Every structure is written in structure tokens, then in C-alpha cells.
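Shown next, in C-alpha cells, is the structure this report addresses.
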Protein chains: 2
Amino acid sequence: MTTVHDVARRAGVSIATVSRVFGRPDAVAEATRHRVLAAAGELGYAPNTSARALVRGRTGYLGLLVHDLANPFYATIAKAAQLEARHRGLALFCADYGDRPDEELTLAKEMARHVDGLLLYPSQPADDALRAATAGLGPAVLIDSPVEGVPHVVMSTAEGVDQAVAHLAALGHRGLVYLDAAPTSMFTSIDRRRNIETSCARTGIELTVLGPFSPGFESGVRAADLVIGEGSTAVVAFSDQMALGVVRRLTERGVRVGADVSVVGVDDIWIAAQVTPALTTVRMPCAEAGAAATRLLADAVDHPGGTPASRVVLPTELIVRSSTGPVPHGGTR
Amino acid sequence: MTTVHDVARRAGVSIATVSRVFGRPDAVAEATRHRVLAAAGELGYAPNTSARALVRGRTGYLGLLVHDLANPFYATIAKAAQLEARHRGLALFCADYGDRPDEELTLAKEMARHVDGLLLYPSQPADDALRAATAGLGPAVLIDSPVEGVPHVVMSTAEGVDQAVAHLAALGHRGLVYLDAAPTSMFTSIDRRRNIETSCARTGIELTVLGPFSPGFESGVRAADLVIGEGSTAVVAFSDQMALGVVRRLTERGVRVGADVSVVGVDDIWIAAQVTPALTTVRMPCAEAGAAATRLLADAVDHPGGTPASRVVLPTELIVRSSTGPVPHGGTR
DNA sequence: CTGAAAGCGCTAACAT
DNA sequence: ATGTTAGCGCTTTCAG
């Protein structure tokens with residue numbers, strides 16, 4: 001391993017100058033700088049990251065902790081976070097707590113030791129306990145977990161769901177079934193359910209909440225039978241995966257989706273646009289969330305005394321496709 | 001920030017003892033250890049990772065570089081790698097090179113500065129150039145890139161594709177169309193195409209290769225029309241996404257998938273099991289690959305003079321579902 | 001603009 | 001079993 005000493009000797013300067021060339025290049029005369037750079041090039045020198053981190057008190061690393069890295073929802077957040085971090089000269093650790101939500105905090109604590117700041121998508125409720133837990137971790141930004149006093153970015157389904165309900169109402173639907181998902185204590189669940197409630201109340205649509213189900217395709221399949229039983233003309237599901245399950249089962253039972261029953265999902269996963277009928281859904285801005293959170297975190301790391309607790313709310317939008325249509329003739333509610 | 005000195009003072013021991021308690025606990029008398037641990041607990045002490053890395057010459061970090069973190073294929077690899085790394089007390093950096101495959105090596109080089117070893121899923125061909133590029137990066141394990149002299153783990157479609165061809169042959173199909181995907185220089189493409197060729201040759205199935213297409217749903221849609229034009233009774237696609245596109249278009253044009261034409265995909269993405277008809281496909285062991293590669297890398301890092309270049313070949317398997325069926329009556333090829 | 005020197009916090013001989 | 005000590009490679013005052 002080549003060090004500042006090797007480069008210094010070769011370039012005929014002191015180690016301090018070598019250090020400056022890589023740390024604050026403009027503090028060095030151009031001629032000297034070139035000489036040092038040349039020597040460094042020949043020797044294949046690059047500053048040792050550990051040594052630099054030690055003396056600077058900054059690692060240049062950020063950490064991301066989510067529920068499931070293989071899930072496109074989180075993976076998209078991770079990808080965007082990683083990109084944004086790189087643009088700022090930072091690197092990103094990625095980890096997920098998978099089946100062990102109880103280990104979430106342990107993991108966060110462990111990660112915190114290695115990084116300048118943490119990006120957290122908690123499975124815990126956004127309450128005081130989370131704030132307390134977050135307190136000892138150093139700079140942290142929460143995603144989809146609006147905890148007062150802690151910077152966070154949330155994807156709000158308010159607009160998207162509102163548009164969905166309005167869309168359904170405009171199509172003549174008088175009522176709808178919402179398929180809720182567990183864990184109901186997560187912001188994601190709360191947000192979607194609450195927005196459905198207020199939108200329906202405001203629009204005068206009769207709302208029936210079913211569930212909570214485990215999120216996922218199979219739950220949608222099971223829920224579809226309930227929906228048919230209810231005689232509903234419209235259903236909004238917690239996620240596209242559930243909605244797709246509903247569509248599948250409905251079709252299987254001879255119910256024409258988009259004609260007899262309208263189905264709306266949330267997330268806008270890629271397959272939603274490709275199935276038949278194409279799924280009407282609320283798009284979640286995962287990439288934007290990942291990037292925004294990283295930006296917030298990087299800023300917090302750079303300015304330890306900055307805005308105490310920034311808050312970013314990302315809007316959502318309804319994508320209308322073919323799984324929704326006019327209420328069938330003679331349809332009751 | 002609390003340091004060994006703080007803890008040492010509080011516990012009435014030397015800093016060396018504190019260090020030992022956290023490094024080689026059994027080298028310290030039980031009583032002393034407890035005293036130190038207590039002091040550390042009260043002070044909230046944990047060893048500084050940068051200082052430790054500096055003196056040890058090891059960061060305890062691994063890096064993963066893939067094409068697209070948001071793609072479930074790579075995301076699954078990442079998730080498994082991360083898990084395996086954690087089990088070994090290591091942390092994992094994740095990055096992708098996305099649209100800029102040319103930046104792949106730059107990124108790898110940058111990452112290499114921060115880690116003990118690299119996990120690479122290259123978009124470059126598995127040739128001498130890659131071996132050369134890899135040489136200067138320190139310990140590295142390649143995924144799906146069998147470069148001689150560099151440790152690697154590959155997911156071979158040999159068995160899966162063989163089973164697929166045999167399956168089709170057993171159903172009476174006399175020929176099949178293979179839908180190739182770009183970039184054709186990647187091992188993934190080469191492997192699938194070559195295995196199809198040898199399997200067909202051995203089985204006496206007439207093979208028609210179409211493409212290369214860009215991988216993805218839309219390509220499948222376009223390719224389907226070609227397939228119909230060919231009058232083929234069976235098609236194997238590079239990926240499930242493409243296969244799904246084929247199914248969609250075939251259905252749209254009144255061709256009954258699984259009856260008139262059989263379709264086989266590769267990957268076994270979750271939706272493959274849920275569409276109608278459910279897709280027959282070759283399962284790719286992404287999680288196993290991520291875990292195996294991480295294991296290999298961790299071992300290489302631990303034993304710098306270990307087995308020169310280990311090689312793991314992960315087998316694949318055909319999952320038969322409903323998109324394949326007997327060749328239609330009177331069907332030629 | 002450049003160099004000398006003092007650590008950053010920790011580990012690993014080497015003593016005791 | 002524990003303490004002393006010498007750095008790991010780098011950045012950063014402080015002089016010059």
C-alpha cells in the first residue's frame with residue numbers, strides 16, 4: 001500500500017503537501033500539485049479511507065435500513081438513495097430487517113456506528129418510542145414515518161386517493177370497498193386508510209373497510225370473494241399486488257373487471273400497466289422519496305445545526321387505466 | 001465521543017485492556033471484563049470503526065456492484081449478499097451502474113478503496129479484459145461471469161433449459177423459437193442461448209433464434225407477432241418479462257397459450273405464478289448466488305492465500321405450469 | 001505556499 | 001492477566 005510518504009518522497013515535497021493536494025487542491029501551487037499528482041499516478045496512490053475518516057471524524061458513509069431489499073418498493077428507494085449519495089461523494093450501506101422487525105433497532109444501532117447518518121424506513125409506528133429510539137443514532141431521516149422532531153419524507157396518498165375516489169364517483173359508483181393491510185400501525189397503512197375515509201366522507205361515497213389482510217397477491221384473491229359477497233361495484237386495494245389478486249379472482253369468477261366491478265391499486269408496479277385489464281392505480285414516488293431523504297440526510301450531516309427537523313411530503317397521483325369504468329347499469333351501491 | 005481512555009479510567013484499567021475486552025474478550029479475566037463492560041455500558045462506548053479499520057488494515061466492509069438495484073433479479077442478489085455479510089459481521093455497500101455500463105469499472109475502483117472485497121455482476125464480457133480490470137481491485141468475486149483465474153459463482157441454465165426442451169419434446173413439439181436478448185456478450189445471454197442450442201441439438205428439436213431484443217415486456221409483445229408468423233408451436237424467452245409480453249400479445253391475437261402455443265420463461269419472478277395461464281419457467285437461484293458469492297468473498301478476504309480461484313455453479317430447475325401443453329393436433333412445428 | 005509536528009482512536013507486540 | 005508503547009495513514013494547526 002502506498003502512502004503519503006511514498007508520494008511525498010517521489011515528488012520531493014512534504015506529506016502535508018500531498019495531503020493538501022487530495023484534500024484542498026487550491027491550497028497548493030499549480031506546479032507542485034502537478035508534480036504530486038504525477039507521482040501519485042505513477043505509484044497508484046489514493047488516500048486511505050480509514051485514516052481519513054479517523055482524523056476527520058466523518059466516514060463519508062450513509063446507511064439505509066428497510067424492511068425488504070428484494071421488494072421493488074424498497075429496492076427503488078435504495079437505488080435512488082444510492083445514486084443521490086454517490087452524487088454527493090458518499091457511499092451507501094444497504095440492509096434490511098426482513099422477518100425480524102424486532103431487530104430493526106439493533107440493526108440501526110449497529111449501522112450507526114459505521115456511518116455519518118441513517119436512512120430509516122421503520123416498521124414501528126411513528127410515535128414517541130421511535131423518536132426516542134432515533135435520538136441516540138446520530139443524524140437520521142425517516143421515510144414514510146412522520147415523527148415530529150425527526151426529519152422525514154413521506155409519500156402521501158392524499159392526492160392520489162382523493163383522485164381515485166373522485167374518479168370512481170364520476171363513474172357513478174356510490175360506494176366502495178377498501179382492502180386494508182397489516183401491520184395497520186405503519187404509516188403506510190394508516191395514511192392510505194385515513195385518506196380513503198376522508199375522501200369518501202367528503203364525496204359522499206359509502207365506504208366499507210375489509211381486513212386487515214397480509215399484503216400480497218393471495219390476500220387479494222381471498223378478498224375478492226368477500227367483495228363479490230358485498231355486491232360492491234368498486235374496490236380500492238392497499239397495494240397493486242393485492243389489487244392484482246382481486247382482479248385475478250374476479251375474472252376467474254366471471255366478473256368483468258372495469259365493467260361489473262372497478263378495481264384500483266396503489267404503487268404502480270410495472271406489471272400493473274401490462275396486465276389485462278391494465279390496472280388503475282395510485283403511483284408512489286419511491287425514487288423521489290429515496291433521493292429526497294438522502295438529500296435531507298446529507299444536508300443534516302453537513303450542517304449539524306441546520307433546520308431542526310425538515311419535512312418533505314411527496315404527492316401522489318392517480319393513473320387511470322382499464323380496470324375502472326362506469327358503474328354497471330342497475331348497479332345498486 | 002467516548003474513547004478507550006474514558007472507559008479505561010472509569011474501570012480502573014489500561015486502554016489495552018479495554019481494547020482487549022472488545023477485541024479478544026477471553027484474553028481478559030472475567031472480573032475485569034465485567035468491570036470494563038459495565039463502564040463501557042454506562043458511558044455508551046463502542047469502538048470507533050475508523051480507528052479500528054486503520055490499525056487492522058481491514059474495514060469489515062464488502063461492496064456490491066450490479067446493473068440495476070431496483071430490478072428484482074439484482075435486488076434479490078443484493079438482499080441475500082447483505083444478509084450473508086451480516087452473518088459474518090460484515091456490512092455491505094450497494095451500488096449500481098444503471099445506464100452507464102462504461103462507468104462500471106470506475107465505480108468498482110472507487111468502491112474498492114472503501115472495502116475489503118468486491119462482489120461484481122459485470123455487464124462486460126467474461127474475458128481477459130475483465131480479468132485484467134479485476135486484478136487491481138483487491139479480492140473480488142464475480143457473479144454470472146466465469147472468468148478463469150477469478151473466483152466466481154454462476155447460475156447455469158443448463159439443467160433448467162435442458163428440462164424445458166425435454167418437457168416441450170415430451171409434449172410433442174418438434175421445434176421451438178428462442179427469443180434472445182441484448183447485450184448478447186453478457187454471460188447471462190450467452191449461457192441461455194448456448195444451452196438452448198445444445199439441448200435442441202441433442203433432443204432433435206428444430207431451433208429458431210430470434211433477436212436479440214432488448215430484454216423486457218415490450219420486446220415480448222413485438223416478438224409474439226414474429227412467432228405467429230413462424231407458425232411455431234413453442235417459444236422460450238430470455239426472461240419471464242419477455243415471456244409475459246409474448247403471452248399477452250398471443251392472447252390478444254386469439255392464440256391460446258398452453259394449447260395453441262407453449263411459452264417458457266426464465267427467472268421465475270413472482271408474477272409468473274399468478275398470471276393466467278401461469279407461466280412455465282426456469283427458476284434462477286438469485287438468493288443462493290448472492291449468498292454463495294458473499295461466502296466466497298468473505299473467505300477470500302480471510303485467507304488471502306486460499307484456493308486461488310474457487311468456482312461455484314448453481315443449478316437451475318424448470319417449473320412447469322400452465323403456459324406449456326401438448327402440441328396442438330395437426331400442428332407442424 | 002510549504003513543512004514540521006501533534007495527534008485522531010485504536011490494536012498489537014512486548015514486557016511485566 | 002494486564003500495562004506500556006509504538007505506530008496505522010492521514011489531516012491540520014502553527015511556523016516559516
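This is a predicted model, so every value here is computed, not measured. Note that these values count all heavy atoms, side chains included, but never hydrogens, waters or copies made by symmetry. Here is how names work: the chains are called A, B, and so on, in the same order as the sequence lines, proteins then strands, and each is numbered from 1.
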Are the charged groups of R131(B) and E148(B) less than 4.0 angstrom apart, N to O? no
Going by an N to O cut-off under 4.0 Å, is there a salt bridge joining R20(B) and D26(B)? no
Are the side chains of H152(B) and I143(B) in touch, meaning some heavy atoms are under 4.5 Å apart? no
Residue pair F22(B) / R52(B), side-chain heavy-atom distance below 4.5 Å: yes
Side-chain N,O ([X]) to OP1/OP2 ([N]) below 4.0 Å:
X      : N       : value
S14(A) : dG3(C)  : yes
R52(B) : dC10(C) : no
S19(B) : dC10(C) : no

Interatomic distance where [atom1] belongs to [X] and [atom2] belongs to [N] [whole Å]:
X      : N       : atom1 : atom2 : result
D26(A) : dT2(C)  : CG    : P     : 12 Å
R35(A) : dC1(C)  : CZ    : P     : 14 Å
M1(B)  : dG9(C)  : CE    : P     : 7 Å
D6(B)  : dC10(C) : CG    : C1'   : 13 Å
R20(B) : dC10(C) : CZ    : P     : 15 Å
R24(A) : dC1(C)  : CZ    : P     : 10 Å
L54(A) : dC8(C)  : CG    : P     : 9 Å

Give one of base, sugar-phosphate or nothing for [X], where a contact means two heavy atoms less than 4.0 Å apart.
X      : value
A16(B) : base
V18(A) : nothing
A53(A) : nothing
T32(B) : sugar-phosphate

Can you check ring-ring contact (aromatic ring centres under 6.0 Å, His included) on F73(B) and H67(B), steps first, answer last? CA-CA 10 Å; F73(B) 182 87; H67(B) 170 63; over 10 Å; no
Outermost DNA chain D nucleotides near chain B [under 4.0 Å, heavy atoms]: dA1(D) to dG9(D)
Quiz question: by atom type and distance under 3.5 Å, do the side chains of Y121(B) and T188(B) form a donor-acceptor pair? yes
Students often mix this up, so state it plainly: with edges at 30° and 60°, are the rings of F93(A) and F93(B) parallel, tilted or perpendicular? parallel
Closest nucleotide of DNA chain D for V13(B) versus for F22(A): which of these residues is on the 5' side? V13(B)
